[in-house]
Amino acid sequence: MKSVVEALLSQAIETLKQQGVLAEDVSPRINIQNTKDKSHGDLACNIAMMLAKPAGMNPRALAEQIIASLPADPRINEAQIAGPGFINFFVNDSWLEQQVSESLADEHLGIKRAIQGETIVVDYSSPNLAKEMHVGHLRSSIIGDAVVKALEFEGHTVIRQNHVGDWGTQFGMLLAYMEEQQNNGESLDLADLEGFYRASKQRFDDSEDFATRARELVVALQSGDEYCNKLWAEFNSISLEHCLALYKRLGVSLTAKDVRGESAYNNDLQTIVEELTQAKLLTESQGAQCVFLDEFKNKEGETLPIIVQKAGGGFLYATSDLAAIRYRAQQLNADRVLYFVDQRQALHFNQVFALAHKAGFASEQTSLEHLGFGTMNGADGKPFKTRSGGTVKLVDLLDEAEERAIALVRSKNPDMSEEELNKIGKAVGIASVKYADLSKDRARDYIFNFDQMLSFEGNTAPYLMYAYTRVASIFEKAELDMNSIQGDIRLEHEKEKDLANKLMQFSEVLSRVTLKGQPHALCSYIYEVAGLFSSFYENCPILSADSEEQKLSRLRLAALAGRTIKQGLNILGISTLEKM
RNA sequence: GCGCUUGUAGCUCAGCUGGAUAGAGUACCUGGCUACGAACCAGGUGGUCGUAGGUUCGACUCCUACCAAGCGCACCA
């Protein structure tokens, strides 16, 4: 709808240019906004105020000229001047009716798929395989996956990359411990990965012999020793199974084939250093191979180094990140590479991205974007920890969420069977954790609070899931299929129009999610849709409508609302329930 | 020391590339169930948008300085 008004306005501006009212060289960005106040019409534009000064005109006078030059269009009832020079557009209801009816008829809800879809590599989750996944991995996994799903819904080609930490010195310690256990004839117990890590760390600290063996194993591993690599592969495969089980439980779409860990770039690291040398970007400093970029200079004129190779010859994460960028840009042909990684690594990524462009690992056309996020804090505002101060395992967090959700659902449905209770409780528990995270701007730290996220009131997963079941319930009662119902929608009641208007904004919200990596915009949107639906539901009887025609029309509108909520939640990685 | 992020109602958070009177939820107060699921809806109280300047017709939004919190700044990732 915005695009229609935008087209009309740009035509009007062209006309005024021809008439000499506006200078030829003005090419303003036409910004159409949804109005907040009904008296301002449906859509508004501030273009007259932007152009008034360069045109040397009074904004209202210019607005008047623009309106006079607008081509007539049956879809727009009226354009008015308001306030200091806004132009308010009143949309023809029949156009809105047509739009919602068309969206209902489309299984893709009227959202156009990108004509020229981009190839977008998304790096997210990326846990360290040496340890068990903890709460710190939650945000990357969930937010990244939501953006991935939104991009795919828009018709882009997404290549998921789970850049797991499967390399590095800590693996020597783990392999040494594995070896020791196997030699002692003990069965390998990796069920508790965290415990295994702690135990091997303990051995490493306590025994000099063990530590020596661990260091030997790292060297052996890196030089391609067969025995060592077999141990390593065994360990990783078990550790990865833990991750995959959690993804499945969380509804995160990452699979084994999306894994391309640090180790995948081992053979490229030397090449990266050589290419940097050839490009004359490399400098030796204190024995290490470094790149100094002028962009990263402090006030004293000291440039920050990007260390690519240690004094001892070892490589660092900057090196493998550069190799990953080269692979993604050159092999995967990425138009964009998105990194959902902790905000704390912002400097590192800024440096690596700048260097990658400079060294030609990625062309200037390849957009490298670090979409960072803040810390997950407890109720006290400090990083979320267990009572004893340790990191919270992701499994434990999800267990607790499910338990609490089951208790909650039970309290609302005392007679429900254990089986159903379990099913609904689990869905609600996981959804609550995910939604609480997704609904906040990722850049900020956020306070994790079970009571708040499991509440049925406010912008929470349970409220939205409930809203959906109410729609589903109508269709069950009417013995109709929400997904196949079609036909014309008439908008008579004010609440119907409000809902319809909001439903037509799905696509612009989606683009904000994909362009800026902000799923919280989608959360707010679904919440608004659910709220407007509730209001419509309260004010407009559906099954007991005045006429059969009205009943069908309202059913169709309800169906579009229900399907929008469901689709929106699915993009967020939250599945809906027909009953709860 | 330098840099990044954040600072909006008692609390948890929105506020889209500067736009019309700063919005939700929660808490608190008022109404509405012989139910298309009240797990809901309608309404009210509550904010000098960290502070001070500046740019602008117009600033929560942009610029500068300062204050506060968190986090980064050479061989961990």
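Below, chains carry the letters A, B, ... as their sequence lines are ordered, and counting in each starts from 1.
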Check each residue of [range] for a non-hydrogen atom within less than 4.0 Å of any atom in RNA chain B, then write out the ones that pass by number, or none.
| range | value |
| --- | --- |
| residues 535-546 of chain A | S535(A), Y537(A), E538(A), C540(A), P541(A), I542(A), L543(A) |
| residues 420-435 of chain A | none |
| residues 49-61 of chain A | M49(A), K53(A) |

Separation between the C1' atoms of U17(B) and C2(B), rounded to whole Å: 30 Å
P atoms of G72(B) and U30(B), separation to the nearest Å: 49 Å
S544(A): what forms a side-chain hydrogen bond (donor to acceptor under 3.5 Å, both in side chains) with it, not counting sequence neighbours? none
Determine, step by step, whether Y265(A) and H163(A) satisfy the ring-ring contact (aromatic ring centres under 6.0 Å, His included) criterion, reporting the C-alpha distance in whole Å, the side-chain angles of both residues, the deciding distance to 0.1 Å, and the verdict. CA-CA 10 Å; Y265(A) 301 100; H163(A) 193 78; 5.7 Å; yes
Sequence neighbours left out, what pairs pass side chain to side chain donor-acceptor pair (under 3.5 Å) with at least one residue falling in residues 513-523 of chain A? E154(A)-T514(A), R512(A)-Q518(A)
With ring centroids as reference points, do F506(A) and Y525(A) lie under 6.0 angstrom apart? yes
Sequence neighbours excluded, every pair satisfying ring-ring contact (aromatic ring centres under 6.0 Å, His included) that has a member inside residues 457-482 of chain A: Y463(A)-Y527(A)
Qualifying ring-ring contact (aromatic ring centres under 6.0 Å, His included) pairs, either residue in residues 302-323 of chain A, two or more places apart: Y317(A)-H348(A)
Describe the nucleic acid contact of A44(A) in one word from base, sugar-phosphate, nothing, applying a heavy-atom distance below 4.0 Å. base
Any ion pair linking K502(A) and D498(A) (charged N to carboxylate O, less than 4.0 Å)? no
For residues 43-60 of chain A, which residue pairs qualify under salt bridge (Lys or Arg N to Asp or Glu O under 4.0 Å), counting only residues two or more places apart or in two chains? none
Under the salt bridge (Lys or Arg N to Asp or Glu O under 4.0 Å) rule, what pairs show up with a residue in residues 426-438 of chain A, not counting sequence neighbours? R139(A)-D437(A)
Any residue meeting salt bridge (Lys or Arg N to Asp or Glu O under 4.0 Å) with K566(A), in chain and number order, not counting sequence neighbours: none
May I ask you to verify whether the side chain of N88(A) and the base of A20(B) hold a donor-acceptor pair under 3.5 Å? yes
Could one point to a donor on the side chain of T469(A) or the base of A39(B) with an acceptor on the other under 3.5 Å away? no
Sequence-distant partners of Y537(A), ring-ring contact (aromatic ring centres under 6.0 Å, His included), two or more places apart: F533(A)
At under 4.0 Å between heavy atoms, which parts of nucleotides 11-18 of chain B does protein reach? Answer with one letter per nucleotide, 5' to 3': B base, S sugar-phosphate only, - none. -SSSSSB-
Quick one: do the E369(A) and S367(A) side chains pair a donor with an acceptor below 3.5 Å? yes
